[in-house]
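Reminder, nothing fancy here: chain letters follow the sequence lines and each chain counts from 1. The structure presented is a predicted model; accordingly, all values stated were derived computationally and were not measured. The basis for the numbers below is simple: all heavy atoms, side chains too, and nothing from hydrogens, waters or symmetry mates.
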Amino acid sequence: MFSPSDLFEIPFGDWVDSAVKDWLVPNFRPFFRSLQAPISFVLDGLDGFLNAMPMLVFTAVLAFIAWRTAGRGVAIFTALALVFLDLIGVWGQTMTTLAMIVTAVFFCAVIGVPVGILAARSDRFLAILRPILDVMQTIPPFVYLVPIVMLFGVGTVPGVIATIIFALPPIVRLTNLGIRGVRADLVEAAYAFGSTPSQVLWEVQLPLAMRTIMAGLNQTLMMALSMAVIAALIGAGGLGLTVNTGLGRLDVGTAMEGGIGIVILAIILDRITQSFAERKAVATPSLAQTFRGFFKPSRMAARAADEKPA
Amino acid sequence: MKSLTGKAFTDGMANKVEAKNIFKIFGSEPDRVFEMVSKGHSKADIHAETGQTIGVNDASFEVAEGEVFVVMGLSGSGKSTLVRMINGLIPPTRGQMMIDGVDVASCSAETLRKVRREKVAMVFQHFALFPHKTVIDNVAYGLKVKGLPAAERRERSLKALAQVGLEAYADSYPEELSGGMQQRVGLARGLATEPEILLMDEPFGALDPLIRRDMQLELLELQRSLKKTIVFITHDLNEALILGDKIAIMKDGSFVQVGTAEEIVGEPADEYVRAFTQDIDRSRVFEVAAIARPPLSIEIDAPVSDALARMEAENVDAMFVTDKGTLQGQVLYRGLSGASDPEALAQHLDPDFATVTPDAHLHELYGKAAAGRPIAVVDETGAFTGIVEPGDIFHQLVRGEEHESGQKRAATA
């Protein structure tokens, strides 16, 4: 049977190979190296801080955050799960992975939210951006591991960079979606009172898009966690490395220790960030307000009393 | 160019808003549409031919300071587009929109923002309150955008909230309030910046009929003290007639008729307007002045025979009696004809007579007209300016019906 490749073949692989090896790497390696600096700064700081923090203090802090945001059940789970991770001996790796994930998510937000805002404001920019995001989401991460190693070398920072590329699209997409989803009459009202475009953004669009943006942050976080093992292939440490080590030695136990660590981190971080996304537009009273409320009649109670005769 | 703007400025002294030949065309080739418009093609034809829509077709109008200008039309008539061109939310395709001598259709973005911050505020159909801000922060929005300090913002917003009676709800969120209360917040937000011009885009359209009624009366009450220049959009002719000093009826992007409530109901420009006015309660449109007759009276020292003679001549059953121009009472033909003392009119005087002001609406007369006697029209200075015959009230009310039944007769014949 005839096929077009009988006549000639396109050396696509060779083209890409030479574009990366002969052009990108020699010309831009210093530029890419310099990109590592801010990531390495945040990552090293965070990693050092988390590993220096006593295990019980960290557990207490995270459990408190979970209680304030996601409720008592999640707080109890957080405390028990973190103690469990310490007992199975992967505490250090868990903190390293957490530092990597938080760093990656931080840079995803710093890059993704402004890009999403631009996409929401310009249909043309969105038209260019959309196929790029599609490629970023569908291309297997193993494909870009090689050029990343060539440009950035091996180690935890290149691992974080691969994680950022993989986890960036959801927050860009949902920021765009959230801002475009703000009711048109509210934006119109804001302009009708003489707002500048940036006042409309800060006063109306961003606050009202915040829930959607938080849902995007949650998705980005989950995708970043799923990269933990792949990033370990190019030298990143943490729980991913534990899994890879277990895989290399066909050691089910070690692989499972790393795997359970990733699952537990994922559950805790997912519940906490999801509660940001689900938070109502109406502010919930803070702890201090709640205590103050015991000593004076609250606004709601006063109003209920007003309305009763009517 | 300089003389032109200078002229516009002097012309616009009394007019807060002045639209000159405003067009809005939604589509990519407005020139083609203009060509077809000038040849007299209809909106539907142009849409079928070019796929472009005429939002507003050659609208010109002026709104004087302190006047309530109501634009009434069905959905798709272009009324919402028109009001958005007054504050530049939608730029006109052609024409000038002068706000206090500034053409918002051609000015810079910076000038336009200044006009919106200082001159024109807007109230929206679905309230458009910011759900993430408290009531007071919503009201203060215009002041915040202007860059006022927080304390002043709060003080002025509380004042605006007090005007609509909602200062107790300052720290609630909009979703905690009922629809009517939300729109009052919307109104307070419009008033907080103390604009000279208030644009209201079907502000009561989303409210229940009873609440709508209350809000209309409340707006009239507020307007009495505020004297803002208001452009009010509605699809409800009754609302237009209650609120409007001047009413424009819009159809397919053009004004069909512009006039006072009495002109619209009394002399509809065409069948389209007439169709709207059919179900209107005419007694709430027409004022006493429209049916008042000249003040027929007799001095109190005149002989009874004179009074009888004049009543016969005028073919009336009752007459007002004055003492040097001041109203004293009423005499009835029935009472005078059997009078024993023909000289003293004062003996037969009935001091119990009904009076109305010239700007009262006809529905306010029903009770007073029940006695069947003429009603005296007395203006706010106390001067006796005319007479309303009870029969004239009903005559005025059935005039529209007569036209209709006359038409039906013509149609069947």
key: Partner chain A: residue of B:R189, B:Q125, B:K114 with the largest heavy-atom pair count (under 4.5 Å)   =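 Max contact count across the listed options: B:R189.
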message = If you count heavy-atom pairs within less than 4.5 Å of chain A, which of B:E118, B:K144, B:R117 leads?
response =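 Between B:E118, B:K144, B:R117, the count favours B:R117.
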Quick check on [X] against chain A: is it the side chain, the backbone, both or neither that has a heavy atom closer than 4.5 Å?
X: B:K133; result: side chain
X: B:L129; result: backbone
X: B:V115; result: neither
X: B:R84; result: side chain

How far apart are the closest heavy atoms of [X] and [Y], and which atoms are they?
X: A:A190; Y: B:Y141; answer: CB-OH, 3.7 Å
X: A:L208; Y: B:P131; answer: CD2-CG, 3.6 Å
X: B:R113; Y: A:S195; answer: CD-O, 3.6 Å

With a 6.0 Å cut-off (strictly less than), is the heavy-atom count around [atom1] of [X], excluding the residue itself, greater than 12?
X: B:E155; atom1: CD; answer: no
X: A:F49; atom1: CZ; answer: no
X: A:R180; atom1: CZ; answer: yes

Roughly how far, to the nearest 0.5 Å, is [atom2] of [Y] from [atom1] of [X]?
X: B:M122; Y: A:F193; atom1: CE; atom2: CZ; answer: 9.5 Å
X: B:F130; Y: A:R183; atom1: CZ; atom2: CZ; answer: 10.0 Å
X: B:D201; Y: A:E188; atom1: CG; atom2: CD; answer: 8.0 Å
X: B:L89; Y: A:Y191; atom1: CG; atom2: OH; answer: 10.5 Å
X: A:Q199; Y: B:K146; atom1: CD; atom2: NZ; answer: 12.5 Å
X: A:R211; Y: B:H132; atom1: CZ; atom2: NE2; answer: 13.5 Å

message = Any side-chain to backbone donor/acceptor pair from B:R116 onto A:A192? Under 3.5 Å, distance only.
response =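 No.
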